[in-house]
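To keep things clear, I will list the structure first and then write my remarks on it.
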Amino acid sequence: MHALEVKHLKKRFDGITAVDDVSFTVPEGSIFGLIGRNGAGKTTILRMIMNIFLPDDGEVLVRGNLAGNEFREHTGYLPEERGLYKKLKVLETILFFAELKNKRGKEVEQLAVDYLKRFELYDRKNSKLEDLSKGNQQKVQFISTIIHDPEFIVLDEPFSGLDPLNTNLLREIILDLKKRGKVIIFSTHLMDFAERMCDTITMVDKGKVILSGNLNSIKADFAQRTVKLNYGGSIDFLHGNEFIESVTDFGQSATLKVKDDKYIKEVLRILVEKNVDIYSFVSNEITLHEIFVALAGEEQDGINGKGGAHV
Amino acid sequence: MFNRRTFVIVKRELQSRLFSKSFILMTLLIPLFMFGMIGFQTFVYTYDSGKGTTLRVAVPNDQIRERMQDSFSKLEVVKSGDYKVVFDTLSGKTAQEYVEDYRKVLVEEKLTGLFVVPDSALIDKRILYYSSNPNNTAVFDKVRSSLNEVLINVFFKDKQLSPKEKEFVQKRVNVDGFRINKNAEIEEESAGNIIISFVFTFFLYFSLIMIGTNLMRAVVEEKSNKIVEVLLSSVSARELMTGKILGTTITGLVQMAIWLSPVILLVTTNWFTLPKEFVIKIEPWVIGYFLYNFLISLVTYLGLFAAIGAMFDSDQDAQSGIWPIMITIMVPFFIALGLVQRGDNDISKITSMVPLLSLIVMPARIALVNVPWWQIALSIAVNLGTLLSLFPLAGKIYRVGILATGKKATYKDVVKWLKFKY
């Protein structure tokens, strides 16, 4: 049985279809990435999973049952737009969020104290949030998200707006939770980051799923037909070649996609014949970003292969 | 809707409102402000002793002039020297001709005013007053009795009236109000009920606006601070709104109970005795009704304030978006205040049974007049109906609004929101 199953979710806003028949599954004990450009519908999908938006159609199943209040109680959610009560004190804030998830008493207080010590915030436990630095406020936000020891953690663009220190901290938390068998679901437009952390991914574009599955097998599938080339000279003659499906030329490097993996050798032969200086010729590596571009096309902004957060 | 999660929100609201410094401050300040306002008016009125007022009184002949002089000299303001009055005879001049001579000093306010008693006044008691500020009723109030006395004395001078008869003629009519109630007892009316009606209206008005605006601010803050989505992953929008309104309502009721506690003690106990003219004659159920009505008003309006708050990202936008709601609080407030001055009238009768307006007009009416039972029952039904039909709409606007970002919402957008499935 899947930990989480999303079936045929649909959501329209004012005539615009934000999410169009989206289905995917999340295996137990894994890190799942929902990948797509800004505005692809990721946040709307996560909000429907969290029952913040009602879907126009479709359903979300948790271990075979419809997701309801019980699921929310055992889930930690960190939205992209996050905030805390400025006037509330640090410990009060954490305990307030714990109580919303039905956790109170000595045990959870002790856990809060442990987390505060671990994140070096213990001496600020009675400070008001507004007196904390932005980085420290983010730490309080993390603790509030996981204070109730959730089984599912849903993170919407978790690394946006984090300083490098907290980026590392959150990465540690995520890996730690994974080790403890929790299910982590996050959305991101940072391909780099998804590539390094995810076990399973679903790519969405314009509200539709364009690719879904285990990251390693997806990459293996795509890599077989892809060649990454570093060269000197001109490779213009490759355009329109009978073996090649597409050429993405950057001048000194290029990504070639062959029509079948058996043509890779042919391509190398042609390059040698045409006297191109070959610095590297790698035929079994492809990045998630390249896969995304191959499927959804390049766009000016919104998708980010490098840059942003470094994990 | 009412469950553990709602309770957590209620608890949080109470912590941030009921146990806050601003709650204690406002609970003390509002009554001070109210009584301060009344006191200030009285102060301004009495402070204006009229010191430096100079008057000229022109009468038809010397005989009347002497009587005037005599009568005016008995006035407090003349004795104290605050009013300087000069008397004159018209000796055949018309009022216009006479005034012409004094136009300059009147315009320059060296002379406060000029009374002309023409011959005709001896028959129709109409005298003329010329001044650059002819609406200064304080002057009339102070000298009216003297002018009246002289005119009456001149009118009756040839008839032999006994002092008693003279006194009767000079006396003004005094009206004593009596309250007829259903128990067929007739009680002398006092200023107490007018004060209570005023107090009811004032507290209701201030509380609704103050508490409503507070809640609206809190909603805007949660929305603009982006706390709301974190909250919504644990509670539903319905639970969140219910919790917030419930917490705020409890705070409002506690505040109102504190404000009304002197009135409650006056009505239910005999620990205090008020001067006869201020005795409060309301039955205890009226206080109960008022608190009930306040509860319904709060829940109705808090729903509306929360919905408006959810539409906007900033306080300023919310403040300017709230005007349709404010109108429905201010209009009945002025109708209720008008009741105190002019008594029950068609407008107050009708509005006391109109949705929303009823919430403020009816309590003021009940404190002042005996409202028929059917009207009270109708207004209760109307108010409950209003609450039940407005609240789901407000809830929907709130649910959609708190997560809506981007361009500023308009009322046209809100109509669209009502059709969304959320």
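Every heavy atom of this structure was used, including side-chain atoms; hydrogens, water molecules and symmetry mates were not. Just so it is clear: chains get the letters A, B, ... in the order the sequence lines come, proteins before strands, and each one is counted from 1. This structure is a prediction, so every number in the text was calculated from the model and none was measured.
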With Gln138(A) via side-chain hydrogen bond (donor to acceptor under 3.5 Å, both in side chains) - residues at least two apart: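 So Gln138(A) forms a side-chain hydrogen bond (donor to acceptor under 3.5 Å, both in side chains) with Asn166(A).
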Quick one: are [X] and [Y] in side-chain contact, heavy atoms under 4.5 Å?
X	Y	result
Leu232(B)	Phe53(A)	no
Arg47(A)	Leu403(B)	yes
Leu231(B)	Tyr85(A)	yes
Ile9(B)	Leu100(A)	yes

With a 4.5 angstrom heavy-atom cut-off, which part of [X] approaches chain B: side chain, backbone, both or neither?
X	result
Phe97(A)	side chain
Glu92(A)	neither
Leu88(A)	side chain
Asn102(A)	both

Could you check whether atom [atom1] of [X] has more than 12 heavy atoms from other residues, nucleotides or ligands sitting under 6.0 Å from it?
X	atom1	answer
Met210(B)	CE	yes
Phe7(B)	CZ	no
Glu107(A)	CD	no
Leu165(A)	CG	no

Tell me the salt bridge (charged side-chain N to carboxylate O under 4.0 Å, His left out) pairs involving residues 144-154 of chain A, sequence neighbours left out?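 Sorted pair list: Arg63(A)-Glu151(A), Asp149(A)-Arg180(A), Asp149(A)-Lys182(A).
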Salt bridge present between Arg4(B) and Glu73(A) (N-O < 4.0 angstrom):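 Judged by the 4.0 Å cut-off on N to carboxylate O distance, Arg4(B) and Glu73(A) do form a salt bridge.
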Does Arg5(B) pair with Glu99(A) as a salt bridge, N-O distance under 4.0 Å?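 Looking at Glu99(A) together with Arg5(B), the answer is no, because their closest N to O distance does not fall below 4.0 Å.
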Contact winner vs chain A - Asn225(B), Val230(B), Ile227(B), heavy-atom pairs under 4.5 Å: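 Highest number of pairs under 4.5 Å: Ile227(B).
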Does any backbone or side-chain atom of Ser224(B) lie under 4.5 Å from a heavy atom of chain A? Answer side chain, backbone, both or neither.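 Neither part, no heavy atoms under 4.5 Å.
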Taking all atoms of both residues into account, what is the closest heavy-atom pair of Ser236(B) and Arg72(A), and its distance?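 Ser236(B) and Arg72(A) have their closest heavy atoms at N-NH2, 3.2 Å.
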Mind listing the closest non-hydrogen atom pair of Lys101(A) and Ser233(B) along with its distance?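 The pair with the smallest heavy-atom distance is NZ-O, 3.1 Å.
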Greatest number of heavy atom pairs closer than 4.5 Å to chain B - which of [options]:
options	answer
Leu84(A), Thr145(A), Val154(A)	Leu84(A)
Gln141(A), Lys87(A), Lys86(A), Met50(A)	Lys86(A)
Thr75(A), Leu78(A), Asn69(A)	Asn69(A)

Members of residues 11-21 of chain B whose heavy atoms come closer than 4.5 Å to chain A: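 If one takes a 4.5 Å heavy-atom cut-off, the residues of residues 11-21 of chain B near chain A are Lys11(B), Arg12(B).
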Which value, rounded to the nearest 0.5 Å, describes the distance between Glu229(B) atom CD and Arg82(A) atom CZ?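 Separation between the atoms: 10.5 Å.
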Mind checking salt bridge (charged side-chain N to carboxylate O under 4.0 Å, His left out) for Lys10(A) and listing every partner two or more places apart, or none if nothing turns up?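 If we apply the salt bridge (charged side-chain N to carboxylate O under 4.0 Å, His left out) test to Lys10(A), skipping adjacent residues, there are no hits.
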